[in-house]
K.L.:
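Structure below; questions to follow.
Each chain gets a letter, A, B and so on, in the order its sequence line appears, and its residues count up from 1. What's counted below: heavy atoms across the whole structure, side chains too, no hydrogens, waters or symmetry copies.
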Number of protein chains: 4
Amino acid sequence: MSSLNNLAIKMKRAISEIEKEQRKEQIVFAALDEFYLKGLKATKMEDIAIRCGISKGTLYLYFSSKKALFESAVEHIAMHKAQQIQSLMTNHNSVKEALDQLFEFIPNVIIDSPLPKLIKVLISDAFDFPDVIKTYKQNIIDQVLSTITIVLQAGKERGEVNIDDAALTAKLIVAPVIFAVVWKVLSEAENSPPLAVDVLLKQHQLIIYKALGITE
Amino acid sequence: MSSLNNLAIKMKRAISEIEKEQRKEQIVFAALDEFYLKGLKATKMEDIAIRCGISKGTLYLYFSSKKALFESAVEHIAMHKAQQIQSLMTNHNSVKEALDQLFEFIPNVIIDSPLPKLIKVLISDAFDFPDVIKTYKQNIIDQVLSTITIVLQAGKERGEVNIDDAALTAKLIVAPVIFAVVWKVLSEAENSPPLAVDVLLKQHQLIIYKALGITE
Amino acid sequence: MSSLNNLAIKMKRAISEIEKEQRKEQIVFAALDEFYLKGLKATKMEDIAIRCGISKGTLYLYFSSKKALFESAVEHIAMHKAQQIQSLMTNHNSVKEALDQLFEFIPNVIIDSPLPKLIKVLISDAFDFPDVIKTYKQNIIDQVLSTITIVLQAGKERGEVNIDDAALTAKLIVAPVIFAVVWKVLSEAENSPPLAVDVLLKQHQLIIYKALGITE
Amino acid sequence: MSSLNNLAIKMKRAISEIEKEQRKEQIVFAALDEFYLKGLKATKMEDIAIRCGISKGTLYLYFSSKKALFESAVEHIAMHKAQQIQSLMTNHNSVKEALDQLFEFIPNVIIDSPLPKLIKVLISDAFDFPDVIKTYKQNIIDQVLSTITIVLQAGKERGEVNIDDAALTAKLIVAPVIFAVVWKVLSEAENSPPLAVDVLLKQHQLIIYKALGITE
DNA sequence: AATGAATGAGCATTCATTCAT
DNA sequence: AATGAATGAATGCTCATTCAT
């Protein structure tokens, strides 16, 4: 038995604060992957540990409980994204410029970032974590929507775009992103080829621009 | 064997069969509610039983396991919806007529039917049930999308609508439905006022019609 | 594996309220034995279950947690004893008669009843359960002491006994009982021959009677 | 080997040894406090470490395991007391003189020394440590009791005291000490005012003297 | 058919102990 | 020597499932 233990690869110790932060982040991403695949309840702490190459006990040096880890993971990833998104649509001269930026940015978010996973996790465990949902919705969703709304409203007042209701239009601009995220989850689940997100969004951009009267 | 039995017994059994089906349906809806709120793993068989006013043991007379109940519930509700949706967009003379019908129908689905719950459940436990997802996607989503696609394609060929890619456009027409469903879940979770789905879809209809060059 | 299960002796089901009460009492006594031997923290729920011939899960049908079982066990046994002790020293004509009754009763309590175990358990886990201790002390110890005190005080006023302080004397009358209990624990632990409790208490009786001026 | 080293280093080591012993003693007392409050199983090594202001790891430089620490603690404190008690009742001219000394000594032991804590600890974890109990009982309890027994027996033979059985009487003389210790634990646990040990023992002394026919 | 008592595999969490730093 | 990060065996408790009544 001891010889088996000797074969085990022992994790390097995280001594400095920086190393500890890195370890925490590593756990948080491993946790997100598990939560994404299994949901909160069905995720085993041991599986998260294995994914990190650490032991169950070590997890508890960094997070006091599964719930705490879940909340940390959501917050960590959500807040990280929130910053990116916030800075996205400032400094533009016209609605078109702003939306161009947005439409260029979105595919990367869907394809490369952990945001789709986070969204799936939040949808799945929404009812167990109303507070997390509330915070997330206020800090991310509402923020993004109101930014877009403001841009549209200003454009409408300047006669740049032809719209009815800026707030609703903002939601409709964002809707295909949610659609793409959900599609992504379902495709991955049934192991079918993924949606061509960029092409879909290109088409979406066209439709929106046409409807809003924006010309290239 | 049934022909050997007398009529009275047959009828009794026939009634029994009906009652059995009713009981099964009752369980299936109770289960959907629980799965919607808690997810598959966190849902207790006992809670479903309580919701039906029956005992744990009785549940197992109708469904052999939680997984079987889950699959039955999803299938039962999904197939029920599928029929409705299938009959939706036939018998129309123009794209506009077909889409009018669709846009009239959708809000009811989101507000009154169990479909949003089902979608939430499917998203949440997608990875545990790739087969369920596959079946559901093929029988419902792909069906709906291809119906819309065909309508659009035909309209395009007749010069009724001005579109690029009928299949993508179909997805974009459906996207806000998913958005509305997700929003509904998040609102219910954080106990915030719901989205005015009908108004959103009215606006969506406007944008789509404008982009497609459909005039009232 | 299933053949092994078939060999397992299944516990008869406790259906009626009476059977359930009996099962509860059975658990309580098994628990007392374990708590006595190991202390609260070191006692495994599984060991209690094994002692009863039931499964771990069944324990939780009757008691919601180890702590609850502990408290129930203490209360159940303590209250049972309290009643006996209460009725002990009423209806007597003289101090001598009352003390005679007491000294006749005590050895049985030490030798045959679960009280010594209970006392050991209470001492051991006193700091974790201040409330249990408080209740127990008020309902049993203080009760007993005050009953003896009243008897002595009345005897003193009638000139029957020659004492200084009735309350302190009461404590000193009881002291060897505690001594015997502690001795019993230590003897059992080191597996040495037990103290002859009855002889010790006979001697104690003599000393007390001599000191109090009670003549046979 | 030590003779090979120079004086300075030797002295340094000598000091180290003393410091080591002091550290050990410090740990032992911290451990006793924890064991007294929580019991062996529920005491965390870390809490002992914190109480000493050292780290968990350092504890293991001095004691190889919790069990070893427990045994060391009990032994260290018990043996220390044993010496005091041994020297207590020698050099006396009469039973009265010997008992006077005893009764003067006891209250200090109960109030100021770690002995009550030790007794509580020994009672609590008796069954896990039969050997410790055996050693302790032989070296302390039996020693004390036999010393008192010898004194009483000699007094009886000299006609100083009027007793039946010297060994039993010795136990009865000691009984209130155990009573006081147990009472102390229960009072501390329920946070109620402590027993006036000295007054109780004064009364006890009176009763014993009266019963034994010892006059002031 | 219906019930709910009984079961035990499964998992979150704790903490004595080890050992790299 | 001292530290405290890492480990994993141990254990309280849950709940899907079974089955006697």
K.L.:
Scan for salt bridge (Lys or Arg N to Asp or Glu O under 4.0 Å) pairs involving residues 49-64 of chain D, sequence neighbours excluded, and state none if there are none.
P.N.:
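Only Asp33(D)-Arg51(D), Glu34(D)-Arg51(D) qualify under salt bridge (Lys or Arg N to Asp or Glu O under 4.0 Å).
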
K.L.:
How is Thr43(B) classified with respect to the nucleic acid when contacts are heavy atoms under 4.0 Å: base, sugar-phosphate, or nothing?
P.N.:
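Touches sugar-phosphate only.
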
K.L.:
Give the rounded distance in Å between these two atoms: CG of Asp47(D) and P of dC15(E).
P.N.:
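Between P of dC15(E) and CG of Asp47(D): 9 Å.
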
K.L.:
If I take atom CD1 in residue Ile15(A) and atom P in nucleotide dA20(E), what distance separates them, rounded to the nearest angstrom?
P.N.:
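Taking atom P of dA20(E) as the reference, CD1 of Ile15(A) is at 12 Å.
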
K.L.:
Can you name the residues that form a salt bridge (charged side-chain N to carboxylate O under 4.0 Å, His left out) with Lys134(D), not counting sequence neighbours?
P.N.:
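With neighbours one apart ignored, the set is empty.
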
K.L.:
If you look only at pairs with a residue in residues 22-31 of chain A, which of them pass as a salt bridge (Lys or Arg N to Asp or Glu O under 4.0 Å), with sequence neighbours excluded?
P.N.:
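Salt bridge (Lys or Arg N to Asp or Glu O under 4.0 Å) check on residues 22-31 of chain A returns no pairs.
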
K.L.:
Quick one: which residue pairs count as a ring pair (Phe, Tyr, Trp, His ring centres under 6.0 Å) with a foot in residues 28-57 of chain C, not counting sequence neighbours?
P.N.:
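Qualifying pairs, neighbours excluded: Phe35(C)-Phe70(C), Tyr36(C)-Phe127(D).
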
K.L.:
For Ala73(A), give me all partners under side chain to side chain contact (heavy atoms under 4.5 Å, CB included), at least two apart in sequence or on another chain.
P.N.:
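Result, side chain to side chain contact (heavy atoms under 4.5 Å, CB included) vs Ala73(A): Val28(A).
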
K.L.:
Using a 4.0 Å cut-off on heavy atoms, which residues in residues 21-42 of chain A reach DNA chain E? List them by number, or say none.
P.N.:
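None - not one residue of the stretch has a heavy atom sitting under 4.0 Å from the strand.
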
K.L.:
Under 3.5 Å for both pairing distances: what stems, at least three Watson-Crick or G-U pairs long, include DNA chain F?
P.N.:
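Stems (3+ consecutive pairs) listed as E:2-21 with F:2-21.
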
K.L.:
Check side chain to side chain contact (heavy atoms under 4.5 Å, CB included) between Glu71(B) and all other residues, then give those that pass, not counting sequence neighbours.
P.N.:
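Expected list: Lys67(B), Phe129(B), Val132(B).
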
K.L.:
Check whether the side chain of Lys56(D) and the base of dT3(F) form a donor-acceptor pair under 3.5 Å.
P.N.:
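No, the side chain and the base share no sub-3.5 Å donor-acceptor pair.
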
K.L.:
Taking side-chain hydrogen bond (donor to acceptor under 3.5 Å, both in side chains) as the definition, give me every residue that meets it alongside Ser55(D), ordered by chain and number, with sequence neighbours left out.
P.N.:
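Partners of Ser55(D) under the side-chain hydrogen bond (donor to acceptor under 3.5 Å, both in side chains) test: Thr58(D).
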
K.L.:
Hey, which sits more toward the 5' end of DNA chain F by its nearest nucleotide, Met45(C) or Gly57(D)?
P.N.:
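So the residue in question is Gly57(D).
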
K.L.:
Show the numbers, then the answer: is there a salt bridge (charged side-chain N to carboxylate O under 4.0 Å, His left out) between Asp128(D) and Lys38(C)?
P.N.:
CA-CA 7 Å; Asp128(D) 267 352; Lys38(C) 311 273 179 66; over 6 Å; no

K.L.:
Can you sort out the partners of Glu19(A) under side chain to side chain contact (heavy atoms under 4.5 Å, CB included), two or more places apart, ordered by chain and number?
P.N.:
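Side chain to side chain contact (heavy atoms under 4.5 Å, CB included) list for Glu19(A), sorted by chain: Lys12(A), Ala14(A), Ile15(A), Ser16(A), Gln22(A).
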
K.L.:
Give, ordered by number, those residues of residues 58-72 of chain C having at least one heavy-atom distance below 4.0 Å to an atom of DNA chain E; if nothing qualifies, reply none.
P.N.:
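Contacts with DNA chain E under 4.0 Å: Thr58(C), Leu61(C), Tyr62(C).
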
K.L.:
Applying salt bridge (charged side-chain N to carboxylate O under 4.0 Å, His left out), name anything that partners Lys41(C), two or more places apart in sequence or on another chain.
P.N.:
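Lys41(C) satisfies salt bridge (charged side-chain N to carboxylate O under 4.0 Å, His left out) with no residue once adjacent residues are dropped.
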
K.L.:
dA5(F) C1' sits how many Å from Lys20(A) NZ, rounded?
P.N.:
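So the two atoms are 8 Å apart, to the nearest Å.
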
K.L.:
Could you say whether Glu46(A) or Arg13(A) is positioned toward the 5' end of DNA chain E, judged by the nucleotide with the nearest heavy atom to each?
P.N.:
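On the 5' side of the pair lies Glu46(A).
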
K.L.:
Where do Val185(B) and Ile123(A) come nearest, in terms of heavy atoms and distance?
P.N.:
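Taking every non-hydrogen atom into account, CG1-O, 4.1 Å.
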
